Amino acid sequence: MSENFELALQLLGIGMVTVFTILLLVILIGNTIIKFVNRFIPEAPKVVSSRGRSSGGISSGKMAAIVAAVQMATNGKGRVTSIEKE
Amino acid sequence: MSENFELALQLLGIGMVTVFTILLLVILIGNTIIKFVNRFIPEAPKVVSSRGRSSGGISSGKMAAIVAAVQMATNGKGRVTSIEKE
Amino acid sequence: MSENFELALQLLGIGMVTVFTILLLVILIGNTIIKFVNRFIPEAPKVVSSRGRSSGGISSGKMAAIVAAVQMATNGKGRVTSIEKE
Amino acid sequence: MEILRKLYEMTAFSNLLDNPAPLFMLAVGVLLLYLGIKKQYEPLLLVPIGFGVILANLPGAGMGIVPGDFIELGDNKYMNLFEIAHEYGIMNFLYYSLIKTGLLPPIIFMGVGALTDFGPMLRNLKLSLFGAAAQLGIFTILLIAIAVGFAPNEAGSLAIIGGADGPTAIYTTIILAPHLLGPIAIAAYSYMALVPVIIPLVVRMTCSSKELKINMKEQDKLYPSKNVIKNMKAVKIAFPIVLGIVIAFFVPTSVPLLGMLLFGNLVKEIGANTLRLTDAASGPIMNAATIFLGLTVGATMTSDVFLDLKTIGIIVGGFFAFAISVFGGIFLVKGYNMFAKKKINPLIGATGLSAVPMASRVANEIALKYDTKNHVLQYCMASNISGVIGSAVAAGVLISFLG
Amino acid sequence: MEILRKLYEMTAFSNLLDNPAPLFMLAVGVLLLYLGIKKQYEPLLLVPIGFGVILANLPGAGMGIVPGDFIELGDNKYMNLFEIAHEYGIMNFLYYSLIKTGLLPPIIFMGVGALTDFGPMLRNLKLSLFGAAAQLGIFTILLIAIAVGFAPNEAGSLAIIGGADGPTAIYTTIILAPHLLGPIAIAAYSYMALVPVIIPLVVRMTCSSKELKINMKEQDKLYPSKNVIKNMKAVKIAFPIVLGIVIAFFVPTSVPLLGMLLFGNLVKEIGANTLRLTDAASGPIMNAATIFLGLTVGATMTSDVFLDLKTIGIIVGGFFAFAISVFGGIFLVKGYNMFAKKKINPLIGATGLSAVPMASRVANEIALKYDTKNHVLQYCMASNISGVIGSAVAAGVLISFLG
Amino acid sequence: MEILRKLYEMTAFSNLLDNPAPLFMLAVGVLLLYLGIKKQYEPLLLVPIGFGVILANLPGAGMGIVPGDFIELGDNKYMNLFEIAHEYGIMNFLYYSLIKTGLLPPIIFMGVGALTDFGPMLRNLKLSLFGAAAQLGIFTILLIAIAVGFAPNEAGSLAIIGGADGPTAIYTTIILAPHLLGPIAIAAYSYMALVPVIIPLVVRMTCSSKELKINMKEQDKLYPSKNVIKNMKAVKIAFPIVLGIVIAFFVPTSVPLLGMLLFGNLVKEIGANTLRLTDAASGPIMNAATIFLGLTVGATMTSDVFLDLKTIGIIVGGFFAFAISVFGGIFLVKGYNMFAKKKINPLIGATGLSAVPMASRVANEIALKYDTKNHVLQYCMASNISGVIGSAVAAGVLISFLG
Ligand code: NA
Ligand code: NA
Ligand code: NA
């Protein structure tokens with residue numbers, strides 16, 4: 001039992017040290033990548049391809065216009081399930 | 001063979017009795033639940049949560065407006081299944 | 001080694017002969033089916049059920065109109081993936 | 001010449017010369033595809049099954065399911081799945097991991113549950129009883145099949161066709177008589193597709209025009225029911241939970257099927273909070289399961305399995321199982337109507353068979369033919385859905401006694 | 001009479017007379033369903049788990065998970081999956097192929113990754129540190145559990161509840177103490193659902209109103225950060241790749257979890273070109289995994305497993321693990337604020353716990369209660385997401401030393 | 001100090017000191033990610049493969065695929081999947097259940113079939129022949145590889161890269177030379193991504209400007225074809241069924257690939273009645289299969305597998321297999337044009353390679369460069385799709401003789 005307790009004490013130390021080390025590394029890595037990217041590839045690619053699926057980034061005004069257009073063109077029988085950006 | 005036939009005869013009895021018992025229980029359980037619910041939780045929850053998916057981030061006001069527009073334009077035959085925002 | 005090489009030479013022959021045989025068969029089968037269908041079931045079923053979902057039953061003219069509307073509204077960045085009828 | 005001989009050996013023509021029976025099976029496969037595609041008989045199942053039959057009977061392709069004893073090592077030990085794949089290919093790998101383990105039918109039932117609405121049944125609970133009567137075909141055909149000489153386990157598998165429920169028939173057969181899986185699955189789905197023929201046939205033979213004109217809605221007005229459901233959502237959530245537990249006490253062997261059905265249904269009724277699960281259960285999981293179930297069940301139909309007198313027995317017996325089940329439901333309605341003031345349309349008995357929802361649609365059309373204002377669909381759905389429970393319970397009984 | 005005796009034998013009532021404990025477990029299952037459905041405690045998990053508990057405890061249904069030694073043959077040999085299905089049914093087949101192999105938690109983590117946005121964390125990298133401090137509950141409870149008499153492996157499983165992350169807790173328990181899987185999974189998800197209770201509780205006990213009014217945006221204006229991210233997309237793509245490699249050098253045992261999380265995230269950040277993979281990972285794969293994880297984890301909770309003093313230890317210990325983790329995060333903020341000019345709101349420490357994103361929402365509400373203009377959500381998300389990494393790392397440490 | 005030593009032991013640094021080769025493999029993984037993400041080379045495959053390479057080479061993480069003989073027990077017995085998971089972790093579990101069994105490539109082919117339209121091919125059936133000629137690279141490289149010293153089975157795996165079809169290459173390699181799976185899959189997908197470079201290169205070396213200006217539509221007007229397809233839907237439904245059966249008689253070993261391709265296609269062409277199956281096959285099933293195929297194939301690339309002279313042979317040989325296949329198609333067109341009045345644009349030969357549909361798009365762009373009105377896309381698609389059949393048949397031949 002006391003042997004196990006010693007193990008637990010050690011793990012308290014090892015564990016917290018490791019977790020802090022890793023999250024310090026997260027900070028370090030994050031900052032390094034940001035600096036690297038800022039210096040070498042500061043421009044975002046032109047084509048937005050973030051999510052692509054369904055009406056991502058399409059303003060609701062435009063959406064309404066589209067929906068209205070669809071309604072008109074289909075005599076109200078169609079519906080827009082999704083509009084994708086390329 | 002005649003032994004198997006006897007088994008089959010028994011199963012005809014056991015089977016139909018069991019099936020009727022269970023479906024009588026279905027009726028009993030159903031009625032009990034209905035009575036219980038009618039007495040103790042007669043009100044449906046306020047929030048309609050029928051399908052819920054998508055439309056995340058689109059305000060319910062806007063959503064309602066869109067749905068209404070579609071309804072009007074389609075004589076109630078169209079429906080908006082999803083409008084997604086990023 | 002030379003035994004393997006002989007095998008490889010044989011396979012060059014067998015392989016190309018087989019591939020040509022199969023693709024000649026593809027042509028033969030295709031033409032036979034076309035002739036058979038043209039003779040015995042020349043009419044397409046009335047209901048178009050190609051994909052069924054998406055844009056099923058919406059005429060391509062209307063579809064084009066919708067697509068154009070979407071193009072306009074989204075500066076060419078959106079596209080209509082599907083329009084469903086009820 | 002050497003090269004031509006090698007070419008010939010690569011092909012399947014020598015196999016065909018040795019044993020031309022697969023050619024017949026290929027025709028059976030094409031016939032099933034024809035029924036599924038052109039006749040639109042349960043295409044979701046008959047197309048994969050038909051294609052599976054074809055794949056299994058392409059000589060030399062190694063896509064046919066091998067008999068269970070090929071993978072038995074004796075002493076209750078079996079080849080492992082990796083060895084099965086290695087030795088007998090991907091079809092056997094799929095079959096022995098997904099079907100022979102009994103996995104896919106309950107998985108499909110989970111999806112069925114997520115697509116089922118117990119609402120019509122809850123609104124007309126009394127009509128559930130006809131879902132019990134319409135299991136008569138099962139136990140009658142069991143008796144006849146045994147009398148005719150089928151072994152009890154095979155007779156049970158044949159009989160369950162009368163439950164008019166695909167996953168139930170397949171699950172029962174996996175346990176009782178896996179060697180008959182192909183013909184039984186095909187018979188079950190074919191007769192389900194033939195419900196628009198079978199139900200009118202039995203109805204015409206047993207029901208008078210007057211009976212078929214019984215208008216349920218008018219009966220409801222004449223003799224209104226006392227029950228009003230104030231909070232349907234709560235009822236629908238409690239129902240699968242309580243039902244699952246109670247049925248399990250009586251027929252524990254039905255739990256893999258009914259438990260999963262009711263789980264799927266519960267998840268659906270909860271609504272938005274578990275929508276991800278509902279979508280998965282009724283969408284990709286169920287569809288993928290259907291593909292692999294169909295292909296592998298079809299692939300069990302090698303010529304030596306199919307070209308057997310039992311296949312004829314299954315085809316004939318399956319038909320009568322259906323017909324007797326329909327008759328059972330109708331018969332109970334007739335008996336009920338003799339004593340009750342509030343009459344019931346016998347079509348509601350006929351749909352106790354299950355084969356949801358086609359049976360109900362067919363019954364509704366018949367009713368409308370006799371009286372254009374007599375919509376019985378909602379009432380039929382009550383007995384129709386209860387017939388699913390009925391046949392799963394019947395399957396549990398058969399498994400308990402014959403498994 | 002004979003027929004009635006057979007009928008009785010088919011039912012589960014004899015089993016219940018022998019051992020009525022399952023009835024209690026059924027009540028536990030119903031309680032979990034109640035929590036999931038009515039109280040909306042993590043319904044995506046608690047509903048399948050609750051139903052799994054019910055299925056497992058239906059006597060005679062054969063849906064309960066059997067202990068691991070039932071499938072051990074000694075000499076590092078195990079029954080194969082087909083034999084497991086054949087002998088113990090589909091639930092054990094699913095459990096031993098999907099859970100006991102350790103497969104589903106990393107698969108779910110892949111989906112979690114595909115739904116995670118590291119953006120808030122990258123914009124406030126420094127705050128990640130609080131995701132380390134908030135692992136304090138794990139190691140503290142480990143110490144206490146061992147002191148109280150838990151075996152080290154069981155104590156590790158119990159302790160990881162303090163990571164406030166379901167898949168991590170389940171993965172760790174599969175490796176360290178699979179016999180405790182049910183209670184630990186339930187405790188983990190229940191306390192995650194109780195975060196809106198636990199966080200306010202600890203905050204109220206430890207933070208002054210003045211601290212809770214610290215406005216992060218104003219602090220940002222007073223002491224602006226130098227870092228501007230010019231190309232977020234590139235950063236977000238590079239981040240999971242580099243992070244995955246570096247963490248793996250330090251804690252290789254965390255790779256199955258963190259590697260899959262970061263893979264899912266990478267695929268999402270690439271965007272349109274891998275959208276098919278993102279959709280699959282975060283949709284059908286994750287949802288199907290959730291269903292089978294929930295059902296089978298629930299099915300481990302047979303009465304002999306649950307009705308054990310350890311279960312109480314897990315419930316009590318799990319609560320304190322959560323509370324101490326929250327405290328750990330807050331405590332580090334307080335320490336930091338003693339030395340730094342740019343103050344941090346202690347709520348950002350509290351969310352280091354993880355339980356994404358509910359913890360952040362709860363924290364935000366608390367902040368708004370003290371100052372209606374103090375929106376801390378984005379800041380909380382930084383420590384919140386880093387808490388996921390923190391607990392996966394902690395799990396790796398526990399697995400390395402106790403596995 | 002003791003605590004620091006334990007900490008160090010937990011990390012992977014000692015492993016790295018023993019064997020730094022994984023660092024090189026990590027760089028290979030990052031390179032593949034770069035090609036997939038930035039260069040957009042087949043990102044759906046190269047991203048998972050690249051990440052799989054990284055996971056497999058993280059020391060101590062246990063995510064690398066172990067050689068096949070690790071799981072052989074001799075006497076045609078193998079470890080079971082549960083034991084594999086237990087001993088070697090989840091990646092090996094996935095690899096040995098999904099890949100080594102040969103399952104995923106046919107599954108992906110089912111999805112490919114559900115996304116393929118045989119319409120262009122049926123409208124220009126004659127052009128299918130060029131899909132045969134463009135398999136020349138396969139058998140030529142087979143000859144050369146054997147001459148250079150590759151074992152026949154390895155040479156077959158290398159050669160099939162010239163089929164320009166990912167699942168076919170992977171399936172063939174699983175059967176012939178699984179130890180080369182990583183490099184061959186990567187070479188296959190990389191060169192498919194390089195089709196916009198390889199096709200123009202070969203075209204420029206072999207075709208005159210006059211040939212490239214041959215306008216197919218004008219040729220069609222000059223020499224109209226007699227065939228009109230009156231009922232395309234019926235033709236498209238019958239075609240995969242009949243084709244599947246007939247090809248199987250000649251090359252039964254191609255059935256797992258072609259059978260599943262044609263099944264997927266059939267289900268799609270049936271339309272609405274089997275839409276659920278089409279959606280599942282081309283959506284979640286295929287996407288999930290792609291993720292797991294990519295990750296596990298990548299994970300086979302441990303340093304000892306990759307750092308081998310054969311890898312260079314595969315990279316060089318793969319390139320020439322592609323180039324010779326393109327040449328084969330072009331060469332047959334040239335021969336045909338020498339005798340026929342109705343001329344064919346040699347680009348249609350070049351696309352016989354397959355790599356659908358990118359090859360066709362590339363060819364179309366080349367044609368438009370020489371004549372802005374010369375749209376050859378639909379014609380190219382004919383030979384392009386037939387090239388898929390061609391390489392699956394070639395794979396069948398290789399498997400028959402070398403498997
Ligand atoms: Na039924
Ligand atoms: Na955490
Ligand atoms: Na090809």
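Lettering of chains follows the sequences in order, A, B, ..., and the numbering in each one begins at 1. Fair warning: this is a prediction, and the values are worked out from it, not measured in the lab.
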**Q** Can you name the closest pair of heavy atoms from A:Ala8 and E:Ile146 and give their distance?
**A** CB-CD1, 3.6 Å
**Q** Considering only heavy atoms, which portion of E:Phe401 lies under 4.5 Å from any heavy atom of chain A: side chain, backbone, both, or neither?
**A** side chain
**Q** Which atom names give the shortest non-hydrogen contact between A:Ile41 and E:Ala234, and what distance separates them?
**A** CD1-CB, 3.8 Å
**Q** Quick check for you: to the nearest 0.5 Å, what is the distance between A:Ile14 atom CD1 and E:Leu398 atom CG?
**A** 10.5 Å
**Q** Between E:Val251, E:Val242, E:Val235, which has the largest tally of heavy atom pairs under 4.5 Å with chain A?
**A** E:Val235
**Q** Which one, A:Leu24, A:Leu23, A:Thr18, leads in non-hydrogen pairs under 4.5 Å with chain E?
**A** A:Leu23
**Q** What's the shortest heavy-atom distance between A:Gly15 and E:Val397, and which atoms?
**A** CA-CG1, 4.1 Å
**Q** Using the test salt bridge (Lys or Arg N to Asp or Glu O under 4.0 Å), find all partners of E:Lys126 that sit at least two apart in sequence or belong to another chain.
**A** none
**Q** May I have the list of side-chain donor-acceptor pairs in residues 25-32 of chain A shorter than 3.5 Å, sequence neighbours left out?
**A**
residue : atom : partner  : partner atom : Å
A:Asn31 : OD1  : E:Asn227 : ND2          : 2.7
A:Asn31 : ND2  : A:Ile27  : O            : 3.4
A:Thr32 : OG1  : A:Leu28  : O            : 2.6

**Q** Is E:Ala133 close to chain A through its backbone or its side chain, or both, or neither, when contacts mean heavy atoms under 4.5 Å?
**A** both
**Q** Check whether any side-chain heavy atom of A:Ile33 lies under 4.5 Å from a side-chain heavy atom of E:Leu122, and answer yes or no.
**A** no
**Q** Does A:Asn4 reach the main-chain N or O of E:Ala151 with its side chain, forming a donor-acceptor pair under 3.5 Å?
**A** no
**Q** Can you tell which part of A:Ile22 gets under 4.5 Å to a heavy atom of chain E, answering side chain, backbone, both or neither?
**A** side chain
**Q** Taking all atoms of both residues into account, what is the closest heavy-atom pair of A:Pro42 and E:Asn231, and its distance?
**A** O-CB, 3.5 Å
**Q** Going through the distances and angles, do E:Lys230 and A:Val37 end up as a side chain to side chain contact (heavy atoms under 4.5 Å, CB included)?
**A** CA-CA 8 Å; E:Lys230 294 185 187 162; A:Val37 168; 6.0 Å; no
**Q** For a quick test of reading the model, state the closest non-hydrogen atom pair linking A:Leu11 to E:Phe139 and the distance between them.
**A** O-CD2, 3.5 Å
**Q** So for atom CZ, which belongs to E:Phe331, do other residues, nucleotides or ligands contribute more than 12 heavy atoms lying within a distance under 6.0 Å?
**A** no
**Q** Give, as side chain, backbone, both or neither, the part of E:Leu402 having an atom under 4.5 angstrom from any heavy atom of chain A.
**A** side chain
**Q** For A:Leu12, is it the side chain, the backbone, both, or neither that has a heavy atom closer than 4.5 Å to a heavy atom of chain E?
**A** both
**Q** Relative to chain A, which segment of E:Leu332 carries a heavy atom at a distance below 4.5 Å: side chain, backbone, both, or neither?
**A** side chain
**Q** Evaluate whether atom CZ of A:Phe20 has more than 12 neighbouring non-hydrogen atoms of other residues, nucleotides or ligands under 6.0 angstrom away.
**A** yes
